[in-house]
Amino acid sequence: MRAVNYGLLLLNQYQPIRVSGFVRRIMSGSDYSSGFDQPRLVVKKVLAKPQREGDGAVVRRSIGRSELKNLDPFLMLDEFSVSPPAGFPDHPHRGFETVTYMLQGAFTHQDFAGHKGTIRTGDVQWMTAGRGIIHSEMPAGEGTQKGLQLWINLASKDKMIEPKYQELLSEDIKRAEKDGVEVRVIAGESMGVRSPVYTRTPTMYLDFTLKPRAQMHQSISESWNSFVYVIEGEGVFGSASSSPVTAHHVLVLGPGDGLSVWNKSSKPVRFVLIGGQPLNEPVVQYGPFVMNTQKEIDQTFEDYHHCKNGFEMAKYWRSQ
């Protein structure tokens with residue numbers, strides 16, 4: 001998926017029990033303590049509003065819109081909802097990684113190097129675009145296909161590496177459950193389980209579901225930026241006295257050593273908690289190309305249009 005004007009392109013984020021960074025318990029009475037020396041609080045809330053992308057697709061963009069341009073090292077987060085024949089036909093990337101997490105249905109992916117596959121409900125594709133990829137992402141079945149796509153920036157030293165894929169089937173994603181809290185560990189570690197995914201830009205990506213009256217306390221590296229995206233239900237984030245937040249909101253978290261979440265509602269709440277080590281490098285982005293300088297962007301356009309320096313296979317390739 002991408003934010004790109006194709007015409008222009010073609011022309012020119014009691015005592016707590018700690019278990020591997022996770023503190024968990026069920027609320028009893030007025031037990032709303034955080035368990036952290038410096039709990040992370042919500043410093044910004046943005047509603048992801050629907051917009052058109054690709055070929056007739058609808059996305060809810062949270063990171064990457066005017067209210068939240070980026071959150072180093074994260075460049076974009078889309079919650080997509082696509083029904084055939086809409087989708088994301090052939091398009092390029094350079095200089096970052098895309099993480100596609102299917103929530104419902106399936107997407108078929110293919111690229112100009114011959115890589116092809118279908119990402120189904122619960123599956124994850126972690127794609128390092130590096131020096132260049134041209135690919136398509138299209139719905140694989142009838143009805144509405146839903147998921148999340150996250151863009152993670154690469155450090156300048158990694159922007160021109162060879163493309164690579166890490167793919168996890170739903171049943172292979174590590175998970176744990178305790179006291180009304182379930183977590184799927186896409187990247188990083190929680191509740192004593194660790195993901196096998198290698199993150200060039202150090203990243204955690206956790207999918208939590210809290211039953212009614214449950215609470216969770218997840219530690220986060222103090223030097224990292226982090227955010228929450230609410231998928232469904234409503235929860236109380238950061239401070240027990242704050243107002244509940246509903247689906248389709250992104251919550252930017254302030255500094256601290258961990259996040260606390262409470263489900264005070266009568267229905268489950270599901271959200272992703274994502275954090276990463278800031279790169280602290282200049283970001284120059286033009287649609288699907290993310291580099292460090294305008295000169296590098298100009299060179300990327302030349303490479304793309306002349307099918308060189310990573311885009312050699314683009315000359316004759318079209319998705320099927």
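Just so you know, residue 1 is the first one in the sequence shown, and it goes up from there.
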task: Side-chain contact test, heavy atoms from C-beta onward, threshold under 4.5 Å: evaluate it for I186 versus V197 and give yes or no.
output: no
task: Decide whether V283 and L154 are clustered together by the hydrophobic rule: side chain heavy atoms of Ile, Leu, Val, Met, Phe, Trp, Tyr closer than 4.5 Å, transitively.
output: no
- prompt: Under the 3.5 angstrom rule, does the side chain of Q51 hit a backbone N or O of V59 as a donor-acceptor pair?
  reply: no
D207/R270 salt bridge by N-O under 4.0 Å criterion: yes
- request: Indicate if L41 and V252 have the same hydrophobic cluster label, given that clusters are the connected sets of ILVMFWY residues with side-chain heavy-atom separations under 4.5 angstrom.
  value: no
- request: Calculate, to the nearest 0.5 Å, the distance between atoms CD and OG1 belonging to E97 and T201 respectively.
  value: 6.0 Å
- request: Compare all side-chain heavy atoms of R175 with those of V193 and state whether any distance is below 4.5 angstrom.
  value: no
query: Does any donor atom in the side chain of S239 or S241 lie under 3.5 Å from an acceptor atom in the other side chain?
result: yes
field: Candidate pair V236 and V261, rule side chain to side chain contact (heavy atoms under 4.5 Å, CB included), full reasoning
entry: CA-CA 6 Å; V236 175; V261 182; over 6 Å; no
- request: Could you state whether V43 and I274 fall into the same hydrophobic cluster, counting links through intermediate Ile, Leu, Val, Met, Phe, Trp or Tyr residues with side-chain heavy atoms under 4.5 angstrom apart?
  value: yes
- request: Say whether, by atom type as modelled, one donor and one acceptor occur between the side chain of N263 and the main chain of K211 under 3.5 angstrom.
  value: yes
message: I'd like to know if the side chain of Q320 and the backbone of R318 have a donor-acceptor N/O pair within less than 3.5 Å.
response: yes
- prompt: Hey, any chance M138 and Y101 share a hydrophobic cluster, counting ILVMFWY side chains that come within less than 4.5 Å of each other, even indirectly?
  reply: no
task: Check the pair F107 / T100 against side chain to side chain contact (heavy atoms under 4.5 Å, CB included), numbers first and verdict last.
output: CA-CA 10 Å; F107 253 57; T100 305; 5.8 Å; no
task: Return the set of residues passing ring-ring contact (aromatic ring centres under 6.0 Å, His included) with H109 (not counting sequence neighbours), or none when no residue passes.
output: H115, H135, Y165
- request: Might you confirm whether atom CZ of R120 has over 12 heavy atoms from other residues, nucleotides or ligands at distances under 6.0 Å?
  value: no
task: Look up atom CG in N292 and atom CD1 in I297, then write down how far apart they are to the nearest 0.5 Å.
output: 9.0 Å
- request: First locate atom CG of L273, then atom CZ of R40, and finally report the distance between them rounded to the nearest 0.5 Å.
  value: 9.0 Å
message: So, taking the atom named CD1 in I161 and the one named OG1 in T128, what distance separates them when rounded to the nearest 0.5 Å?
response: 5.5 Å
query: Any idea which heavy atoms bring V250 and L68 closest together, and the distance?
result: CG1-CD2, 4.1 Å
- prompt: Counting distance only, does the side-chain N/O of E312 pair as donor-acceptor with the main-chain N or O of G310 below 3.5 Å?
  reply: yes
query: So, K264 side chain and A240 main chain: donor-acceptor pair closer than 3.5 Å or not?
result: yes
NZ (K308) with more than 12 external heavy atoms under 6.0 Å: yes
- request: First locate atom CD of Q125, then atom CD1 of I119, and finally report the distance between them rounded to the nearest 0.5 Å.
  value: 4.0 Å
field: Modelled atom types, side-chain donor and acceptor of E234 and T246, under 3.5 Å
entry: no
task: Check for a donor-acceptor pair, side chain of D257 on one end and backbone N or O of F36 on the other, with a separation under 3.5 Å.
output: no
query: Taking C-beta and beyond as the side chain, do W151 and T98 meet within less than 4.5 Å on heavy atoms?
result: yes
- prompt: Can any side-chain N or O of R52 pair as donor or acceptor with the backbone N or O of V58 at less than 3.5 Å?
  reply: no
statement: Heavy atoms of I173 and G122 approach each other most closely as CD1-O, 3.1 Å
- request: Could you check if a side-chain atom of K159 sits within less than 4.5 angstrom of a side-chain atom of N153, using non-hydrogen atoms only?
  value: yes
field: Heavy-atom side-chain proximity of F96 to L75 below 4.5 angstrom
entry: yes
message: Strictly distance-based, threshold 3.5 Å: is any side-chain N or O of D78 a donor or acceptor partner for the main-chain N or O of F80?
response: no
field: Flag side-chain contact, heavy atom, 4.5 Å: E167 against D123
entry: no
message: Checking the side chain of D111 only, and the main-chain atoms of G114 only, is there a donor and an acceptor separated by less than 3.5 Å?
response: yes
statement: Note: A140 and T108 closest approach over all heavy atoms is CB-OG1, 3.4 Å
Note, L168 side chain near P196 side chain (heavy atom, < 4.5 Å): yes
Test applied, salt bridge (Lys or Arg N to Asp or Glu O under 4.0 Å); reference residue, R61; option that passes from E53, E67, E79: E53
task: Consider only side-chain N and O atoms of S190 and Q218, and report whether a donor and an acceptor are under 3.5 Å apart.
output: yes
message: If you count heavy atoms of other groups shown closer than 6.0 angstrom to CD of E171, is the number above 12?
response: yes
- prompt: Are side-chain N/O atoms of S223 and Q277 paired as donor and acceptor at under 3.5 Å?
  reply: yes
- prompt: Should L279 and M160 be counted in the same cluster of Ile, Leu, Val, Met, Phe, Trp and Tyr side chains packed under 4.5 Å apart?
  reply: no
query: Closest heavy-atom contact between W224 and P202?
result: CZ2-CB, 3.7 Å
field: Worked check of side chain to side chain contact (heavy atoms under 4.5 Å, CB included) between Q285 and N70
entry: CA-CA 11 Å; Q285 179 175 356; N70 55 57; 5.9 Å; no
- line: All heavy atoms of D55 vs all of P89, minimum pair found to be CB-CD, 3.8 Å
message: Assess whether a salt bridge exists between K174 and E189, defined as any Lys/Arg side-chain N lying under 4.0 Å from an Asp/Glu carboxylate O.
response: no
- request: Kindly indicate, with the supporting measurements, whether the criterion side chain to side chain contact (heavy atoms under 4.5 Å, CB included) is fulfilled by I152 and Y205.
  value: CA-CA 11 Å; I152 307 173; Y205 192 140; 6.0 Å; no
Polar side-chain atom of E281 near backbone of S156 as donor-acceptor pair, under 3.5 Å: yes
task: Establish, from distance only, whether the side-chain atoms of Y229 and R60 form a donor-acceptor pair under 3.5 Å.
output: no
statement: One should read off an interatomic distance between F311 CZ and R131 CZ, to the nearest 0.5 angstrom, of 9.0 Å
Pairwise side-chain contact, F237 with H249, heavy-atom cut-off 4.5 Å (strictly under): no
field: For T144 against Q104, the heavy-atom pair lying closest together
entry: O-NE2, 2.9 Å
- request: Sequence neighbours left out, what passes ring-ring contact (aromatic ring centres under 6.0 Å, His included) with F112? Give chain and number order.
  value: none
